[in-house]
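Contents: one structure, followed by commentary.
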Amino acid sequence: ISKMRAASSKSVVQLVLTRYFLVGSNPAETKYRVLKIDRTEPKDLVIIDDKHVYTQQEVRELLGRLDLGNRTKIGQKGSSGLSRAVSAFGVVGFVRFLEGYYIVLITKRRKMADIGGHAIYKIEDTNMIYIPNDSVRVTHPDEARYLRIFQNVDLSSNFYFSYSYDLSHSLQYNLTVLRMPLETLKTETTQTRQESFDIFEDEGLSIQGGSGVFGICSKPYEKYVWNGKLLEAVKNTVHRDWLLYIIHGFCGQSKLLIYGRPIYVTLIARRSSKFAGTRFLKRGANCEGDVANEVETEQILYDASVMSFSAGSYSSYVQVRGSVPLYWSQDISTMMPKPPITLDQGDPFAHVAALHFDQMLQRFGSPIIILNLVKEREKRKHERILSEELVAAVTYLNQFLPPEHAIIYIPWDMAKYTKSKLCNVLDRLNVIAESVVKKTGFFVNRPDSYCSILRPDEKWNELGGYVVSTGRLQTGVLRTNCVDCLDRTNTAQFMVGKCALAYQLYSLGLIDKPNLQFDTDAVRLFEELYEDHGDTLSLQYGGSQLVHRVKTYRKIAPWTQHSKDIMQTLSRYYSNAFSDADRQDSINLFLGVFKPTEGKPHLWELPTDFYLHHKNTLSLSQTRRSYTYWWTTGVLKHLPLPFDEVACPENRRKLTVKKFHKYEEEIDIHNEFFRPYELSSFDETFCLAMTNSTRDFMPKNVGIDPSPFTVRKPDETGKSVLENKSNREETVLQRKTAASAPPPPSEEAVSSSSEDDSGTDKEDEGAVSQRSTPVKVTDAGDNTKITEVRNYCGSSFILLSTAFHRFVQLGQSQHKQDKSSQQFCSKHHLDRVINLIPISSFSQDNIYEVQPPRADRKSIEIFHAHIQAGRGDMQPLGKDDFLMYREYIRNRYL
């Protein structure tokens, strides 16, 4: 059984006067499909797909005939034949405003991750082409404005796709579908056969003696697909290989080297396309149970030395964030930095919460665990309003569920614990994370290793989930929320992910105990991955990066970090007050929530988009859901397993099954990934933009243990714990928000408009602020002093003076350390490489004259050949080069 792989990984648009011809090919460029798009219709989309698979020779002959048939006759003016309009890597979709249709094409891509040989790409650039010919175009004065609003959703900012891997589903779902019994697939082959199948594709199956492979293609999960409305016009017309579904959120991959064994850690965040929008304009939930800022985060761990899903070792863990599922909002028209929270509608029977948790039971199973991080104790009731309503909703819904499948509610005032000196925030989060992972378990596609049976671990034996013969399944999910679901939520999710990562490593036999400590290479790599993940999601929803990071809660953040917080608060406030409305209009237009119609109000004329997202305000529903049996029929029957992964008739109807040759190119991962019959380069084959690698954290000295699970001091790593990662921050800043908002400098902040507000509200506890940061200052000798700067009111002059003296002392100490280290290196290590000669008259200067090392003649020739190749001047080919090229031509074309 194999996952079906899409054919149209590269497309070329050919142009004639009356039609566009879209030619798509598979990665090996051995199979082609052709779409014909009519350009004579001013407002309708007419697409013809002949459903035929062409070979390379056949498609050349077809294009040649089209070129010859469309040449202008003798004596007529104008261009002749068929011309290439654009080359692309996929079709995002088709969109129409008030004139004709546009086609949106992916023109640039970048490989971001690899999962079992399935490449995941990030969209780098797109192109919109107007389909109707100019001779039939009916112009409209507002068309250009709609086009600008649509293009404000920058598709080059964190949109991802894959030709062969379903990014809208979790790894557990994708591999569970592949484990479906073969007898079921054979019976479903005839039932799910559709007209979109090619009538020529089954030729030759009987010649091979009936031996074949069944391929499965599942329907995407619509909630996390962002171009579903753009493909709606052609979904039932064209072959499924043309349909390329994209997700929005984050995708990053890091390599963990365990004594040379490559382990890939992948983080995928899927942002919901339902009730999507910006921070203050989208709060709570809509009438269908979709909540604002809902993101599903999945961490995938696998051994990269084995590529196949069937033979490799894969593990994943999923958790969710999202706004509190109630009808609530915040009015920002008053220009207050901290708008009051308002409950818009009364919901005594928890109708909207029931719809939301019903969706989660279908997708994740039970138990559903809610980690609520909002404030519980406030002088003026603000965040506590949400907690009280959420507790009432969960209590009402639980009385109808069986006790073993009840929703688990965990309230924890994270801001209160942050301000207390007696409590360690991350230790408390670690206790919560252990209990959560033990209840939900995690997914792994292999049974427990024999060593864990011989040496059983107490924590491993208490692990929950669902154990099957082929491994373990995650049942249930953790749902984390605060007010904005940004800073506090990201730190909590990191701690739960860190705990799950330890279990994943243990299940793959990589560590002897399911436990990971801070200040190890593995945790630092994982922490950077989660910070990139949090920064990206915060930019998309809130308009700025995170401010309260993991280091903030560990009380090891550099003192320079606090000075940035105020600027980031102002940046976020500006974004929320002045640019979020335009971004919200762009998202509504892109997702098809608003459709321009002649004679109706335009998008910019609407006073609010409330009626667009709440369908029950426009029409009354004919059926009303039960107040007691609030779940979908059949869900309770299969709990704790998720209903979507059960082999029932409803789910089998979502699958498309097809039979292939066992040597078919579409299911041959090795040939598709490595292309052994094609002359290729390493840069093209392994062009993976790896976020981080443990080599960034490896010890600088050879004698130290290179294990990524060894606790290290800050001076033992290649990357300091307190280092201000300016390069990474600049990279994250270059990622624009989904609606092309002006990129803010960095993170969220400390003022009352920030997401955590942990340093602003003076509550009754009288706790001392944790803004004081101990900083070590080294003198000229070996003595060490500890200077502590506290944030006292009315002591600004003393604060500035102390900070200035500390800055000067730090600079002097750093200069002396650099000077001594340079002298040591030049004396002991660099004698045979370069010769450093001081040329300054001042002893404190580090200005040297450098004599370059000598190189032999062969090295100089190689270097000059490399320079010439970069300029485009290639070296003359030798005999071996001609033989290699001749062999390549013979294997490729003959």
Looking at residues at least two apart in the chain, or sitting in another chain, which of them share a side chain to side chain contact (heavy atoms under 4.5 Å, CB included) with Glu288? Asn286, Asp290, Lys615
Return yes when atom CD of Glu650 has more than 12 non-hydrogen atoms of other residues, nucleotides or ligands closer than 6.0 Å, and no otherwise. yes
For a quick check under 3.5 Å, do Tyr541 and Asp484 share a side-chain donor-acceptor pair by atom type? no
Short side-chain donor-acceptor distance under 3.5 Å, Asn372 and Ser387: yes
Expected list for residues 634-641: side-chain donor-acceptor pairs under 3.5 angstrom, two or more places apart:
none

Are the side chains of Thr489 and Cys482 in touch, meaning some heavy atoms are under 4.5 Å apart? yes
So, for Phe357 and Trp630, is the gap between ring centers shorter than 6.0 Å? no
Verdict with supporting geometry, Ser313 and Val306, side-chain contact (heavy atoms from CB on, under 4.5 Å): CA-CA 8 Å; Ser313 301; Val306 182; over 6 Å; no
Counting C-beta onward and ignoring hydrogens, is there a side-chain heavy-atom pair between Leu463 and Asn461 closer than 4.5 Å? no
Candidate pair Thr266 and Gln253, rule side-chain hydrogen bond (donor to acceptor under 3.5 Å, both in side chains), full reasoning: CA-CA 4 Å; Thr266 310; Gln253 191 170 62; 2.7 Å; yes
For the student: nearest non-hydrogen atoms of Cys251 and Ile120, plus distance: SG-CG2, 3.9 Å
Can you name the nearest heavy-atom pair linking Gly322 to Val291, along with the distance? CA-CG2, 4.1 Å
Within the distance-only criterion (no hydrogens, no angle test), does the side chain of Asn293 pair as donor or acceptor with the backbone N or O of Ser323 below 3.5 angstrom? no
Is the closest side-chain donor-acceptor distance between Gln493 and Thr480 under 3.5 Å? no
Arg271 vs Asn158, side-chain hydrogen bond (donor to acceptor under 3.5 Å, both in side chains): CA-CA, chis, key distance, verdict: CA-CA 10 Å; Arg271 179 175 291 279; Asn158 310 114; over 6 Å; no
Using a 6.0 Å distance limit plus a 45 degree cone around the ring axis, check whether Arg109 lies over the aromatic ring of Tyr121. yes
Do Lys439 and Ile408 pass the side-chain contact (heavy atoms from CB on, under 4.5 Å) test, and can you show the C-alpha distance, the side-chain angles, and the key distance before you say yes or no? CA-CA 10 Å; Lys439 288 183 176 68; Ile408 302 174; 3.6 Å; yes
Do the non-hydrogen side-chain atoms of Tyr503 and Lys438 ever get within less than 4.5 Å of each other? yes
When Lys282, Lys223, Arg321 are each screened for salt bridge (charged side-chain N to carboxylate O under 4.0 Å, His left out) with Glu294, the one that passes is Lys223
Checking side chain to side chain contact (heavy atoms under 4.5 Å, CB included) between Phe709 and each of Asp521, Asn515, Ile258, which is the one that passes? Ile258
Check whether the side chains of Gln362 and Thr632 place a donor and an acceptor atom closer than 3.5 Å, and report yes or no. yes
Using the benzene-type ring in the case of Trp, are the ring centres of Phe442 and Tyr317 under 6.0 Å apart? no
Is it true that, when you exclude Phe518 itself, more than 12 heavy atoms of the residues, nucleotides or ligands shown sit nearer than 6.0 Å to its CZ? yes
Measure from NZ or CZ of Lys498 to the centre of the six-membered ring of Phe526, then state whether that distance is under 6.0 Å and the direction lies within 45° of the axis. no
As a quick check of understanding, evaluate side-chain contact (heavy atoms from CB on, under 4.5 Å) for Ser272 and Tyr224, giving each step before the final call. CA-CA 5 Å; Ser272 172; Tyr224 299 115; 4.2 Å; yes
With a 4.5 Å limit on heavy-atom distance, are the side chains of Asn481 and Val374 in contact? yes
Val523 and Phe494: side-chain contact (heavy atoms from CB on, under 4.5 Å), yes or no, with the steps? CA-CA 10 Å; Val523 174; Phe494 163 74; 4.2 Å; yes
Measure across Val496 and Ala433 and return the closest heavy-atom pair with its distance rounded to 0.1 Å. CA-CB, 3.7 Å
Check this for me: does any side-chain nitrogen of one of Arg363 and Glu645 sit under 4.0 Å from a carboxylate oxygen of the other? no
Can you check salt bridge (Lys or Arg N to Asp or Glu O under 4.0 Å) on Glu434 and Lys459, steps first, answer last? CA-CA 9 Å; Glu434 285 283 351; Lys459 294 169 61 177; 3.1 Å; yes
Checking Phe161, Trp226, Tyr160 against His248 for ring-ring contact (aromatic ring centres under 6.0 Å, His included), the one that qualifies is Trp226
Heavy atoms, side chains only, cut-off 4.5 Å: are Tyr165 and Phe309 in contact? yes
Compare all side-chain heavy atoms of Ser507 with those of Trp460 and state whether any distance is below 4.5 angstrom. yes
In short, Ile407 meets Asn398 closest at the heavy-atom pair N-OD1, 2.7 Å
Heavy-atom closest pair, residues Tyr506 and Ile511: CD1-O, 3.4 Å
Would you indicate whether the side-chain heavy atoms of Ile370 and Ile410 approach each other to under 4.5 Å? no
Answer yes or no: is there a side-chain heavy-atom contact under 4.5 Å between Thr297 and Tyr530? yes
Is the closest side-chain donor-acceptor distance between Ser164 and His118 under 3.5 Å? yes
Does the distance from a Lys or Arg side-chain N to an Asp or Glu carboxylate O, for Asp448 and Arg472, drop under 4.0 Å? yes
More than 12 heavy atoms of other residues, nucleotides or ligands under 6.0 Å from CD of Glu458: is that the case? no
Can you list the residues that meet the salt bridge (Lys or Arg N to Asp or Glu O under 4.0 Å) rule with Arg270, with sequence neighbours excluded? Glu296, Glu298
Where the side chain of Asp166 meets the backbone of Leu171, is there a donor-acceptor pair that is under 3.5 Å apart? no
Give a yes or no on whether a salt bridge exists between Arg488 and Glu383, defined as a side-chain N under 4.0 angstrom from a carboxylate O. yes
Nearest non-hydrogen partners of Ser273 and Val225, listed with the distance: OG-O, 3.1 Å
